[in-house]
Amino acid sequence: FRFEVGRSAVLEYFPEPTIPYTGSLLSSAVRFDLAEGAVLLYADILCPGRTHRGECFKYNTVDACMEVYRCGRPIAWDHFRLTPAIHDYRATGALEDYTHIGTFWAFADQADERLISRIRNILPAENPSSLIAGASLAPEGGLSVRMLGRSAWELQSLCHAIWAVCRSELLDLPPCMLRK
């Protein structure tokens with residue numbers, strides 16, 4: 001997918017979680033081209049498979065790439081690749097005992113320390129939370145929140161809370177209450 005976001009325009013894009021099936025090979029690429037003053041709010045969630053069918057990490061490979069450009073200059077690039085049969089995804093520093101992966105991205109000229117501080121305040125505390133998350137500020141007016149969890153709905157709920165903060169801080173808008 002390729003998205004072009006015009007001058008001072010806003011794109012809020014939150015696709016449904018990706019659920020790979022047994023033996024599948026998923027290769028995805030998304031590119032965002034942002035004009036001057038454009039705002040992007042984007043999240044993605046990857047599930048381990050169709051868990052209710054016992055298909056946890058039974059897919060072949062997931063290969064996902066995300067790129068963001070502002071005024072033709074690259075400002076963010078993210079690449080995730082997991083082949084469960086060969087990667088030790090349960091290792092310390094990898095997924096460990098978590099099964100679901102989420103990322104929330106925000107790109108706006110106004111993304112700053114105040115915004116990242118507000119987002120960090122809503123991230124789950126250490127234990128006994130079933131989620132773990134961390135937020136980082138990017139040098140080019142952006143931020144990312146990385147999340148690990150054990151269910152899609154928990155990650156979606158956290159993404160929704162982060163989205164509400166971003167809408168308030170960046171767009172001076174109330175939370176969006178979408179029913180899916």
Side-chain angles (χ1 to χ4, degrees), residues 1-19 26 28-47 62 64-80 98-126 128-180:
F1 294 107
R2 185 172 179 176
F3 297 88
E4 292 186 24
V5 186
R7 184 182 180 100
S8 301
V10 176
L11 174 61
E12 299 170 279
Y13 178 53
F14 305 102
E16 290 298 314
T18 301
I19 306 171
L26 172 67
S28 70
V30 62
R31 176 178 167 151
F32 299 97
D33 289 292
L34 310 178
E36 185 177 327
V39 174
L40 169 65
L41 303 176
Y42 166 63
D44 63 25
I45 295 171
L46 174 64
C47 299
V62 168
C65 186
M66 190 271 316
E67 300 173 80
V68 181
Y69 293 80
R70 182 173 301 282
C71 301
R73 285 186 25 251
I75 60 171
W77 184 83
D78 186 59
H79 186 204
F80 175 83
Y98 294 99
T99 54
H100 294 66
I101 304 161
T103 307
F104 187 102
W105 297 91
F107 294 93
D109 294 336
Q110 314 89 310
D112 59 12
E113 290 294 335
R114 174 185 154 102
L115 175 62
I116 201 83
S117 178
R118 284 206 51 209
I119 289 172
R120 285 178 177 150
N121 284 334
I122 64 169
L123 297 181
E126 290 293 317
S129 176
S130 60
L131 295 175
I132 187 170
S136 300
L137 198 57
E140 298 276 343
L143 65 89
S144 66
V145 181
R146 302 286 189 172
M147 301 163 269
L148 294 175
R150 294 184 184 92
S151 71
W153 70 266
E154 288 176 308
L155 293 178
Q156 286 175 309
S157 179
L158 182 54
C159 284
H160 197 272
I162 296 166
W163 182 28
V165 169
C166 287
R167 284 178 61 85
S168 171
E169 290 290 319
L170 300 175
L171 306 173
D172 197 26
L173 292 172
C176 190
M177 304 307 285
L178 290 180
R179 289 187 59 171
K180 293 185 178 185

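Hydrogens, waters and symmetry mates play no part in the numbers below; they use all other heavy atoms, side chains included.
Between atom CG of residue Leu123 and atom CG of residue Leu131 there is a gap of 9.5 Å, rounded to the nearest 0.5 Å. To the nearest 0.5 Å, the span separating SG on Cys71 from CG on Leu34 amounts to 8.5 Å. Distance CD1/Ile45 to CZ/Phe104: 10.5 Å, rounded to 0.5 Å. Within the model, atoms CH2 of Trp105 and OG of Ser144 stand 4.5 Å from one another, a figure rounded to the nearest 0.5 Å.
Residues passing the side-chain hydrogen bond (donor to acceptor under 3.5 Å, both in side chains) test with Tyr13: none are found, sequence neighbours excluded. Applying the side chain to side chain contact (heavy atoms under 4.5 Å, CB included) rule to Leu115 yields the partners Ala111, Asp112, Ile119, Leu143, Val165, Cys166, Glu169, Leu170; only residues at least two apart in sequence or on another chain are considered. Applying the ring pair (Phe, Tyr, Trp, His ring centres under 6.0 Å) rule to Trp77 yields the partners His79; only residues at least two apart in sequence or on another chain are considered. Among residues two or more places apart in sequence or in another chain, the side-chain hydrogen bond (donor to acceptor under 3.5 Å, both in side chains) test is passed with Ser28 by none. Residues that satisfy the side chain to side chain contact (heavy atoms under 4.5 Å, CB included) test with Leu171, not counting sequence neighbours, are Val10, Glu12, Val39, Leu41, Arg167, Leu173. Under the side chain to side chain contact (heavy atoms under 4.5 Å, CB included) criterion, Ser157 pairs with no residue at all, not counting sequence neighbours. Under the side-chain hydrogen bond (donor to acceptor under 3.5 Å, both in side chains) criterion, Glu4 pairs with no residue, sequence neighbours left out. For Glu36, the salt bridge (charged side-chain N to carboxylate O under 4.0 Å, His left out) partners are Arg7, not counting sequence neighbours. For Phe32, the ring pair (Phe, Tyr, Trp, His ring centres under 6.0 Å) partners at least two apart in sequence or on another chain are Phe3, Tyr42.
The two residues Leu155 and Met147 come nearest to each other via the heavy atoms CD2-CB, 3.5 Å. When all heavy atoms of Pro124 and Leu158 are compared, the closest pair comes out as CD-CD2, 4.0 Å. Among all heavy-atom pairs drawn from Ala43 and Pro15, the shortest one is O-CD, 3.3 Å. Pairing each heavy atom of Cys47 with each of His100, the nearest pair is SG-CD2, 3.6 Å. Pairing each heavy atom of Ile116 with each of Ala135, the nearest pair is CD1-CB, 3.5 Å. The minimum heavy-atom distance linking Phe80 with Ile101 is given by the pair CZ-CD1, 3.5 Å.
Side-chain atoms of Thr103 and Val145, non-hydrogen and from C-beta on, never get closer than 4.5 Å to each other. Under the 4.5 Å side-chain criterion, counting only non-hydrogen atoms from C-beta, Asp44 is not in contact with Thr18. With a 4.5 Å cut-off on side-chain heavy atoms, Tyr98 and Arg150 count as touching. Contact check for Pro74 versus Glu67: no side-chain heavy atoms found under the 4.5 Å cut-off.
Distance alone, capped at 3.5 Å, places no donor-acceptor pair between the Arg2 side chain and the Val30 backbone.
Every pair passing salt bridge (charged side-chain N to carboxylate O under 4.0 Å, His left out) that includes a residue from residues 130-148 is listed here, sequence neighbours excluded: Arg73-Glu140, Asp78-Arg146. The ring-ring contact (aromatic ring centres under 6.0 Å, His included) contacts involving residues 156-176 comprise Phe14-Trp163, His160-Trp163, where partners must be two or more places apart or lie in separate chains.
Within the cation-pi definition used here (under 6.0 Å to the ring centroid, within 45° of the axis), Arg70 does not qualify as a partner of Phe107.
Other residues, nucleotides and ligands contribute at most 12 non-hydrogen atoms within 6.0 Å of the CG atom of Asp172.
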